[in-house]
**Student:** 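Quick one: structure below, then a few questions.
Remember, it's 1-based here, ligands and their atoms both numbered in the order they're listed.
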Amino acid sequence: MDFDVESVRAQFPALQQEVNGRPLIYLDSAATTQKPKAVIDAITHYYQCDNANVHRAAHALSSRATSAFEASRQLVADFLGSPDPAQVIWVRGVTEAVNLVAYSWGRSNLNAGDRVLVSTLEHHSDIVPWQLVCAERGAEVVAIPVSDEGVIDQAAYDELLDERVKMVAVNHVSNALGTVNPVKEMVAKAKAAGALCMVDGAQAVAHWPLDVIDLGCDFYAFSGHKLFGPTGVGALWGRRKLLEAMPPFFGGGEMIDRVSFDGTTFNTIPFKFEAGTPHIAGVIGLGAAVKWVQSLDRDAAAAHEAQLLAHCDELAQEIPGLRRLGPDTNRIGVFSFLLEGTHPEDLGTLLDQQGIAIRTGHHCAQPLMSRFDIPGSARASFSLYNTMADVEALFTGLRKVQELFA
Ligand code: PMP
């Protein structure tokens, strides 16, 4: 079945605008995706009709807000393939999810001499929290090297996996290069070595269906705003036994069973990890986003995205001095590159003048940039609402920039 990109695009109000007198070509979905009207309407509906705090009051609005809030948890649980919605914890996004696991699990499980393996492809949010907790516990963060193509070196990974390793943290897809990592195999190896494995799904969830049970991981995290949902909300999925054994991360209202000055007991999961008033509108918006994405033919959407990237790679070969980063295969959503004679920052500004939005810089992956000995790159990133015309506009734009510098 063909993917009807025009009818999908029509559902995204922000894509219908002009920027600098040109129709917007939005190629920054790896930073954040645009939002369909279904998501915007769900958030507006909550604030206009159901606005109340959740889980607390007996009145109608609170009951409606709570139902919508918990319905979103079930939607996300189904989306991830979780057997139980209680294993889905609301967080602000991947950053908070990694901090939660690093501190809650790490403080009680990491000891002097232990190791946390992270790949060189990781976003800073999957490096720094581990560094902080390891420094506190006398443990060590060790990087798994990547090849010149930007692929995790599996032989080096095998070698690093010894009894000192307690956790492997790896992203499903690299935000800087688009590399799709063989996480299922990596999880299996980690488990065989007696380590846990946390997968950062920030760049994966918008591209294909997921099944955390099939992946075999212990924790999986994603951010709503990269899945057509609102900013400030995301989900951490974890194995029940681990979550139940972990101490709370934040203390406050909602996460308790009983509070007294003689000692406090805690709520069951997921509430043990959800102190304070949550981002209710965000959670409801995220539920709407999941529902929206599930309503699509996801195989057709993935095939459409693969065509966009293939067209991009094809056109790139016609641009002299363009160096593409990342692997030729097993890559999704991202076209990361350098253009000879142009600084990525200038490139970003000059493309913006033509209405084309890309991202430039280190993409919060400085260790990876150091690996390639570059300060940063230009990155065009695609989502299911992009068209072949968007890809062509990017290359027309690049040619114009080259003419300016000729
Ligand atoms: N991991 C990856 C791979 C990412 O792309 C991002 C966001 N750029 C994050 C983690 C952090 O996500 P957030 O800022 O939503 O917490």
**Student:** Taking a cutoff of less than 4.0 Å between a non-hydrogen atom of the residue and any ligand atom, is Lys226 in contact with ligand 1?
**Tutor:**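 Lys226 counts as a contact of ligand 1 under the 4.0 Å cut-off.
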**Student:** Regarding atom 15 (O) of ligand 1: of the candidates Ser381, Gly93, Ser174, Ser223, which has the closest heavy atom?
**Tutor:**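 Nearest heavy atom to atom 15 (O) of ligand 1 lies in Ser223.
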**Student:** Looking only at heavy atoms, what is the nearest atom pair of Lys226 and Ala31, with distance?
**Tutor:** NZ-O, 3.1 Å
**Student:** Does Arg73 CZ have over 12 foreign heavy atoms under 6.0 Å away?
**Tutor:** yes
**Student:** Below 4.0 angstrom, N of the basic side chain to O of the carboxylate: do Arg137 and Asp114 qualify?
**Tutor:**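 Between Asp114 and Arg137 there is no salt bridge, as every charged N stays at least 4.0 Å from the carboxylate O atoms.
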**Student:** Which value, rounded to the nearest 0.5 Å, describes the distance between His172 atom NE2 and Leu215 atom CG?
**Tutor:** 5.0 Å
**Student:** Would Cys364 count as a contact residue for ligand 1, given that I'm defining contact as a non-hydrogen atom of the residue lying under 4.0 Å from a ligand atom?
**Tutor:** no
**Student:** Which option, Gln203, His123, His225, owns the non-hydrogen atom nearest atom 5 (O) of ligand 1?
**Tutor:**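 Comparing heavy atoms across Gln203, His123, His225, the nearest one to atom 5 (O) of ligand 1 lies in Gln203.
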**Student:** Tell me if the aromatic rings of His124 and His362 count as close, with their centers under 6.0 Å from one another.
**Tutor:**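 Judged by ring-centre distance (under 6.0 Å), His124 and His362 do meet the cut-off.
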**Student:** What atoms in ligand 1 come closer than 4.0 Å to a heavy atom of Ser125?
**Tutor:**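 By the 4.0 Å cutoff, the relevant atoms are 1 (N), 9 (C), 10 (C), 11 (C).
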**Student:** Show me which atoms of ligand 1 lie under 4.0 Å from any heavy atom of Asn175.
**Tutor:** 3 (C), 5 (O)
**Student:** In this structure, are over 12 heavy atoms from other groups packed under 6.0 Å from Glu159 atom CD?
**Tutor:**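 Open: at most 12 neighbouring heavy atoms sit under 6.0 Å from CD of Glu159.
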**Student:** What protein heavy atom is closest to atom 14 (O) of ligand 1, reported as residue, atom name and distance in Å?
**Tutor:**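 Answer for atom 14 (O) of ligand 1: Thr95 OG1, 3.6 Å.
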**Student:** Starting from atom 1 (N) of ligand 1, what is the nearest protein heavy atom, named by residue and atom, and what distance separates them?
**Tutor:**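 Of every protein heavy atom, Asp200 OD2, 2.5 Å lies nearest to atom 1 (N) of ligand 1.
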